[in-house]
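So the structure is just underneath, and the comments pick up after that.
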Number of protein chains: 2
Amino acid sequence: MPDTPVRVLVADDEPLVRSGLRLILDAEPDLEVVGEAGDGAQAVELARTLRPDVVCMDVRMPGVDGLRATELVLRLPDPPRVLVVTTFEHDGYVLDALTVGASGFLLKRAGADEMVQAVRTVAVGQSLLYPQAVRDLVRARPRAKTGAPVLTPREREVLSLVAEGMTNAEIATALVVGVETVRTHVASVLAKLQARDRTQAVVLGYRAGLVDL
Amino acid sequence: MPDTPVRVLVADDEPLVRSGLRLILDAEPDLEVVGEAGDGAQAVELARTLRPDVVCMDVRMPGVDGLRATELVLRLPDPPRVLVVTTFEHDGYVLDALTVGASGFLLKRAGADEMVQAVRTVAVGQSLLYPQAVRDLVRARPRAKTGAPVLTPREREVLSLVAEGMTNAEIATALVVGVETVRTHVASVLAKLQARDRTQAVVLGYRAGLVDL
DNA sequence: GCCGATATCCCCCGGCCGGGGGAGGGGGCG
DNA sequence: CGCCCCCTCCCCCGGCCGGGGGATATCGGC
């Protein structure tokens with residue numbers, strides 16, 4: 001059945017954990033650990049060069065942490081699937097991990113069977129969670145709007161035009177006001193969304209449910 | 001490795017689908033189809049008497065449907081895991097299925113490999129979804145279109161970082177290249193997307209399905 | 001071997017943008 | 001009546017951006 005073994009990259013700052021994972025995974029004929037990374041930066045670099053099918057990524061790592069590393073890994077051309085591994089279930093990383101695009105989330109206390117199963121599952125392109133994580137997800141789901149910054153009507157209007165890629169001058173023309181006015185509104189929006197520039201404002205505004213793209 | 005095979009109950013109103021599933025699953029030495037049900041009521045009854053480890057449950061069934069049957073099955077003493085199977089991904093059943101306690105959600109168009117993997121995954125007590133379902137859960141968002149401009153891998157990578165609101169200098173640092181290089185890539189992206197600036201590039205790239213926000 | 005595509009680096013320059021101020025008028029609310 | 005928020009307009013300035021040129025190296029295909 002194993003046409004060609006699933007190539008796995010293990011990223012964890014503890015050598016002991018890496019060795020343990022390697023032992024467990026290499027024991028399976030259809031799995032092959034092709035590399036180990038001790039921090040996030042290494043993980044990204046090895047993912048780029050080794051081109052594994054699956055990356056087992058620890059969340060807590062020195063320097064570039066697992067989540068950031070996951071983001072970067074998934075931006076690689078033809079990226080691997082990322083299976084995020086963590087120690088505690090309620091550290092709030094689950095949602096973040098899935099948001100940045102991880103394919104699965106596994107607890108370190110999981111047994112060898114589950115670990116092996118998890119790698120196979122994400123390898124075929126499916127997503128995997130532990131049951132508690134699913135419940136957390138379902139419960140925390142309608143969070144799209146809550147906690148969103150409060151923009152004035154005019155500010156929302158301006159933001160939506162910014163999101164259309166219009167310059168301040170064009171927005172001014174569209175709204176029949178001065179460019180200075182638009183500049184002021186944009187400045188308010190940037191401050192409220194804690195965005196550095198209009199590009200960030202568009203992305204953050206979209207994620208906060210303030211604009212539709 | 002398979003101490004004792006995973007006992008599976010298949011519930012689907014179409015005999016053809018049941019036979020197909022039985023063929024696929026019984027071909028695996030560690031899986032064993034112990035029964036078939038043609039509707040929800042039968043599924044519940046067989047789950048009670050056969051005590052399978054996993055129930056593959058179709059959503060659409062005459063009489064008691066898959067979701068209701070899932071609820072009932074999970075109320076049995078020492079209940080099996082339920083893997084919900086459906087044809088369409090956007091029928092809104094995902095959330096309902098997870099809410100009533102299903103362990104996983106699988107599309108019928110999934111290949112045999114995925115099907116087998118899915119059963120094994122839920123058998124060891126983990127939850128499973130197809131990636132699209134996770135994205136829907138994390139953030140209900142419409143999907144991308146076709147006819148997207150052709151960007152090189154590096155250009156896509158740069159664009160995704162632009163979509164994070166990063167400046168050219170920051171992108172250069174992240175990718176460990178010179179700022180000049182990033183400027184070149186950004187220029188190519190702008191030209192190909194026919195965008196005037198990076199903000200338009202993000203919006204157009206998102207609408208073309210080239211970047212995730 | 002040649003050529004195209006890709007990726008990397010370099011320079012100049014005009015322009016829009018964003019930060020930091022300030023200032024006036026109108027409307028709601030105590 | 002005052003206060004505060006919203007909308008409106010104004011000035012200066014530093015910085016990043018985007019357009020216009022080129023240049024070199026590697027890789028793959030014909």
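First the proteins, then the strands, lettered A, B, ... as listed; each starts at 1.
- Taking 4.0 angstrom as the limit, B:Thr152 places none of its side-chain polar atoms (N or O) nearer than this to OP1 or OP2 of C:dA5.
- Residue whose closest nucleotide on DNA chain D sits further toward the 5' end, between A:Thr181 and B:Asp197: A:Thr181.
- Scored by the side-chain contact (heavy atoms from CB on, under 4.5 Å) test, A:Leu21 finds A:Val10, A:Val17, A:Met115 as partners (sequence neighbours excluded).
- Take A:Thr121 and apply the side-chain hydrogen bond (donor to acceptor under 3.5 Å, both in side chains) test, not counting sequence neighbours, and it matches B:Thr121.
- A residue-by-residue look at B:Arg196 and B:Thr184 shows that B:Arg196 has its nearest nucleotide of DNA chain D further toward the 5' end.
- Shown here are the salt bridge (charged side-chain N to carboxylate O under 4.0 Å, His left out) partners of B:Arg7, two or more places apart in sequence or in another chain: there are none.
- At a threshold of 4.0 angstrom between heavy atoms, the contacts of A:Arg183 include nucleobase atoms, whether or not backbone atoms are also involved.
- Among residues two or more places apart in sequence or in another chain, the salt bridge (charged side-chain N to carboxylate O under 4.0 Å, His left out) test is passed with A:Glu157 by A:Arg154.
- Rounded to the nearest 0.5 angstrom, A:Arg68 CZ and A:Met61 CE are separated by 13.0 Å.
- Once you apply a 4.0 Å limit to the heavy atoms of chain B, the touched nucleotides of DNA chain D run 5' to 3' over D:dC17 to D:dG19.
- Helix bend of the helix from C:dG1-D:dC30 to C:dG30-D:dC1: the angle between its two end axes, each built from five pairs, comes to 50° after rounding to 10°.
- By the side-chain hydrogen bond (donor to acceptor under 3.5 Å, both in side chains) test, B:Glu36 is found to be paired with B:Arg18, B:Arg22, residues two or more places apart in sequence or in another chain being considered.
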Show me the donor-acceptor pairs within less than 3.5 Å that the side chains of residues 180-189 of chain B make with the rest of the protein, sequence neighbours left out.
residue  : atom : partner  : partner atom : Å
B:Thr184 : OG1  : B:Glu180 : O            : 3.0
B:Ser188 : OG   : B:Thr184 : O            : 3.1

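- For B:Asp13, the side-chain hydrogen bond (donor to acceptor under 3.5 Å, both in side chains) test picks out no residue, with sequence neighbours left out.
- A heavy atom closer than 4.0 Å to some atom of DNA chain D occurs in B:Thr167, B:Asn168, these being the qualifying members of residues 165-179 of chain B.
- Sequence neighbours left out, the pairs with a member in residues 39-53 of chain A that pass side chain to side chain donor-acceptor pair (under 3.5 Å) are A:Arg51-A:Asp78.
- In this view, B:Glu170 and A:Arg196 satisfy the side-chain hydrogen bond (donor to acceptor under 3.5 Å, both in side chains) rule, not counting sequence neighbours.
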